[in-house]
Amino acid sequence: MSDRDLQVFGIDLGTTYSAIAYVDETGRPTVCRNTDSNETTPSVVFFENETNVVVGSVAKNSAIIDPDRVVSLIKRQMGSDAEFEFHGTTYTPESISALILKQLAQDAAAHTGREVTRAVITVPAYFGMLERSATKNAGRIAGLDVIGIVPEPVAAALHYEATTDAEDKTILVYDLGGGTFDTTVIRVSKDEIVVVCTDGDDHLGGADWDLRLRNHLLAKFLEQAPKGTEVEDDEEFLQSLTTTAEETKKQLSRAESRAVALRGAGVSARVEVTRAQFEDETRDLLDKTIDIVRRTLKTLQTKEPGAQIDDVLLVGGSTKMPAVAERLRAEFGWEPKLHDPDLAVAKGAALYALGRVVHREMQEASGSDVAEAVQEVARQTGISARALEDLATKQTRNVLPKAFGVKLVDTSDPDWRSKPTRHFVKHLVHANDSLPTEERLLEAVTVEEGQTGVEIELYEQSGVVAGPELSENKPINEGRGLIDGLPPLPVGSPVNIRMTVDDEGLLELTATEPSTGKSLDIKVRVSVRSDEEVEAATKVVAGITVTG
Ligand SMILES: Nc1ncnc2c1ncn2[C@@H]1O[C@H](COP(=O)(O)OP(=O)(O)OP(=O)(O)O)[C@@H](O)[C@H]1O
Ligand SMILES: [Mg+2]
C-alpha cells in the first residue's frame with residue numbers, strides 16, 4: 001500500500017462556483033486554494049483557442065468582452081444531449097465540466113504537492129441518475145478515478161456531523177446555490193446518514209437573483225439616460241451589468257443600500273439600490289423556495305408521520321442573503337444555521353471520500369488485519385485510527401432522486417394507433433423511494449390481437465414533478481428490449497414487469513410473458529453517453545491545456 005493510494009479529494013462541482021478539498025494530517029477537511037488564492041473557482045470556461053482554455057475568474061471576466069467563447073452555468077445542462085462548438089471541436093456538457101474539474105485537480109495538485117487521481121464529486125440531491133452518470137463521466141473525461149458521486153446535502157450533513165457531534169438528529173438542509181435549489185431531510189447519527197426525502201428546482205439559484213437585480217439596474221439606468229438611448233446591442237455593457245449585479249447583490253447581504261456607478265452607450269449614471277428594494281424584486285423567487293420546503297415537509301409526513309425537524313442547515317452561497325433565514329424563521333419558526341455555506345459541501349465530500357478509501361482498505365484486509373489496515377492508514381495520513389474508523393463505518397443511505405418507468409399505450413381512445421400522444425410513461429419506482437428500492441411489479445397487457453412481440457422501453461422522469469407525458473420523461477440509453485418469437489397472443493394477454501434500482505443507480509428490469517415463460521432482462525446503469533463517446537472526449541480534453 002503506497003502513500004499515493006490514500007490520497008483522495010472531494011469536489012463540489014457547482015453551477016457557479018466549484019471547490020476541491022482533502023482531509024489533512026490533523027483529520028480536518030481543508031479546501032485547496034486556486035491560483036488566485038481563492039477557495040472557490042468560478043465554474044466558467046473560456047475557449048481561448050484550439051488548444052487552450054481558461055477556467056475561473058479570468059474566464060468569468062472574459063465573458064464581458066468575449067461572451068461567444070465563454071460557457072457558464074453548464075451544470076444546468078448536465079444529462080442533456082446539448083453540444084457546443086469552439087474552434088472546430090465539439091464539446092458536451094460533460095466535457096466542459098471536465099475542463100473545470102481538470103483545473104480544480106491542477107490547483108489541488110499545486111496546493112498539496114500530490115497527484116490528484118481519485119475523487120468524489122457531489123451533485124444536487126434531486127439530480128436524476130442521468131445527471132449523476134453525466135457527472136461521473138465528466139470526472140472520467142478529466143482523467144479522474146471517480147470513486148463516488150454524493151448528494152450535496154449528504155456531504156454538507158457529513159461535515160456538520162463531523163464538526164458539531166450532532167447526535168441522532170433530523171435536519172433539513174436548505175441549499176440555495178448559484179443555479180440550483182434543493183431541500184433535503186436527513187437523519188444524522190454517528191453510524192448513519194440517511195436521506196429521508198428530497199426536493200428541489202434545478203433552475204433556481206443566485207443567478208436568478210442576479211438577473212432580477214440586473215434588470216432593475218438597467219431600468220434605473222435607462223430612466224436616467226437621455227430618451228432613445230439604445231443599449232441592447234452593447235454586449236459589453238450588458239455583460240458588465242450582470243457582473244455588477246452579482247457584486248451588488250453580495251454587498252447587499254451586509255449593507256442596507258448600495259450606490260452603483262454604471263457606464264454604457266456613452267451615458268454615466270448612478271443608481272442607488274436598497275436591500276428592501278432588492279428583496280421586493282425577488283420575493284417571488286424566495287416564495288418558490290418556501291413552497292418547495294413545504295412540499296418537502298409534506299413528503300416527510302407521508303413517509304414518516306410525526307417526524308420533527310431538529311435543525312435547519314443553510315448551505316450554498318445564496319443563503320448568505322439575510323432574507324433567507326428571516327423568511328424561514330417567519331414561516332416555520334426555525335432558527336436556521338449558516339453552516340460554512342460556501343465550503344461545507346466540498347469539505348463533506350472530502351470526508352466521505354476518505355471514508356470510502358478506508359472502508360475499502362478495511363474490506364480488503366481480512367479478519368484480524370482490519371485494525372492493522374486502519375492503523376496503516378492512520379500512520380500514513382497522520383489521522384487518528386479512531387477518526388478514520390468512524391468515517392469508514394458511517395453508512396449513507398439515499399433515496400431515488402427521480403422516478404423510473406416504462407412506456408405504455410392508452411388504448412381507451414379508439415384512435416390510439418394514429419395518436420402518438422397516447423403513449424405515456426407508467427412509473428414503477430418513485431422519487432424519494434429509499435435505495436435500494438423494493439421490487440416493484442406492473443402487470444401490463446398486450447394491445448394488438450395476435451401480437452408476437454412485446455417491446456419494453458425505460459424512461460426516467462425529467463422534471464421535478466413526475467408526470468406521465470413522454471415529454472416529461474427521458475428515454476434511457478440501452479434501456480430497451482424486445483420479447484419476440486411469441487405465439488400469436490390474444491389482445492389483453494398479461495406481461496409481468498418487475499423493476500428495482502440499487503444504491504448505485506443500477507436499474508434492473510425483468511419482463512415475462514407468463515404463458516411461454518419467455519422473458520427479457522434489462523440491466524442498465526443509466527447514462528446519456530456510451531463508453532466510446534466518453535473515451536473520445538477524454539482524448540480531446542487530455543489534449544487541451546487548461547489554465548486558471
Ligand atoms: N454574500 C453573498 N450574498 C448573496 N449571495 C451570495 C453571497 N456570496 C455568494 N453568493 C451567491 O452564491 C452563489 C454561489 O453559491 P454556491 O457556490 O454555493 O453555488 P454553486 O455551488 O455554484 O451552485 P449549485 O450548488 O447550485 O450548483 C452565487 O450566485 C453567488 O452570487
Ligand atoms: Mg453548490
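Just follow the structure's listing: the first ligand is 1, and inside any ligand the first atom is 1.
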Under 4.0 Å from a heavy atom of G179: which atoms of ligand 1 are those, numbered in the order shown and with their elements? 23 (O), 26 (O)
Ranking K249, M321, K320 by closest non-hydrogen atom to atom 11 (C) of ligand 1, top hit is K249
T180-ligand 1 polar pair, N/O distance under 3.5 Å: yes
In terms of the angle between their ring planes, are F181 and Y174 parallel, tilted or perpendicular, with boundaries placed at 30° and 60°? perpendicular
Hey, what's the ring geometry for F47 with F86, parallel, tilted or perpendicular (30° and 60° as the breaks)? parallel
When you look for heavy atoms under 4.0 Å from ligand 1, do you find them on the side chain of K75, its backbone, both, or neither? side chain
Less than 4.0 Å between a side-chain N and a carboxylate O, is that true for R283 and E279? no
Which ligand 1 atoms does G178 reach within 4.0 Å, using its non-hydrogen atoms? 13 (C), 14 (C), 15 (O), 19 (O), 20 (P), 23 (O), 24 (P), 26 (O), 28 (C), 29 (O)
Identify the closest protein heavy atom to atom 4 (C) of ligand 1: which residue and atom is it, and at what distance? S253 OG, 3.2 Å
Using heavy atoms and a threshold below 4.0 Å, how should the contact between K250 and ligand 1 be classified: side chain, backbone, both, or neither? both
Purely on distance, is any nitrogen or oxygen of G14 under 3.5 Å from one on ligand 1? no
Which of the numbered atoms in ligand 1 are below 4.0 angstrom from a heavy atom of E246? 28 (C), 30 (C), 31 (O)
Do the rings of H111 and Y22 sit parallel, tilted or perpendicular, given the 30° and 60° boundaries? perpendicular
Would you say G317 has any N or O atom under 3.5 Å from an N or O of ligand 1, going by distance alone? yes
Can you tell me if R254 contacts ligand 1 (heavy atom of the residue under 4.0 Å from the ligand)? no
Regarding K394 and E161, does a basic nitrogen lie under 4.0 Å from an acidic carboxylate oxygen? yes
Identify whether the distance between the nearest side-chain nitrogen and carboxylate oxygen of D291 and K298 falls below 4.0 Å. no
Before accepting this row, confirm whether a basic side-chain N of the pair K102/D107 lies closer than 4.0 Å to the acidic partner's carboxylate O. no
Can you list the atoms of ligand 1 that are under 4.0 Å from a heavy atom of G316? 18 (O)
Tell me which protein heavy atom sits closest to atom 27 (O) of ligand 1, plus the residue, atom name and distance to 0.1 Å. T15 OG1, 2.5 Å
Using a plain distance cutoff, I'd like to know if D210 has any nitrogen or oxygen under 3.5 Å from a nitrogen or oxygen of ligand 1. no
Looking at atom 14 (C) of ligand 1, what's its closest protein heavy atom, distance included? T16 OG1, 3.3 Å
Salt-bridge test for D342 and K320: reply yes if a basic N is under 4.0 Å from a carboxylate O, no otherwise. yes
Are R258 and E247 ion-paired here, with the side-chain N under 4.0 Å from a carboxylate O? no
Run the numbers for me: atoms of ligand 1, each under 4.0 Å from some heavy atom of E152, listed by number. 25 (O)
Do the side chains of K347 and E152 get close enough for a salt bridge, i.e. N-O under 4.0 angstrom? no
Check the surroundings of atom CG in D36: do more than 12 heavy atoms from other residues, nucleotides or ligands lie under 6.0 Å from it? yes
Considering only heavy atoms, which of G206, S318, P322 lies nearest to atom 13 (C) of ligand 1? S318
Atom 17 (O) of ligand 1 has as its nearest protein heavy atom Y17 CB, 3.5 Å
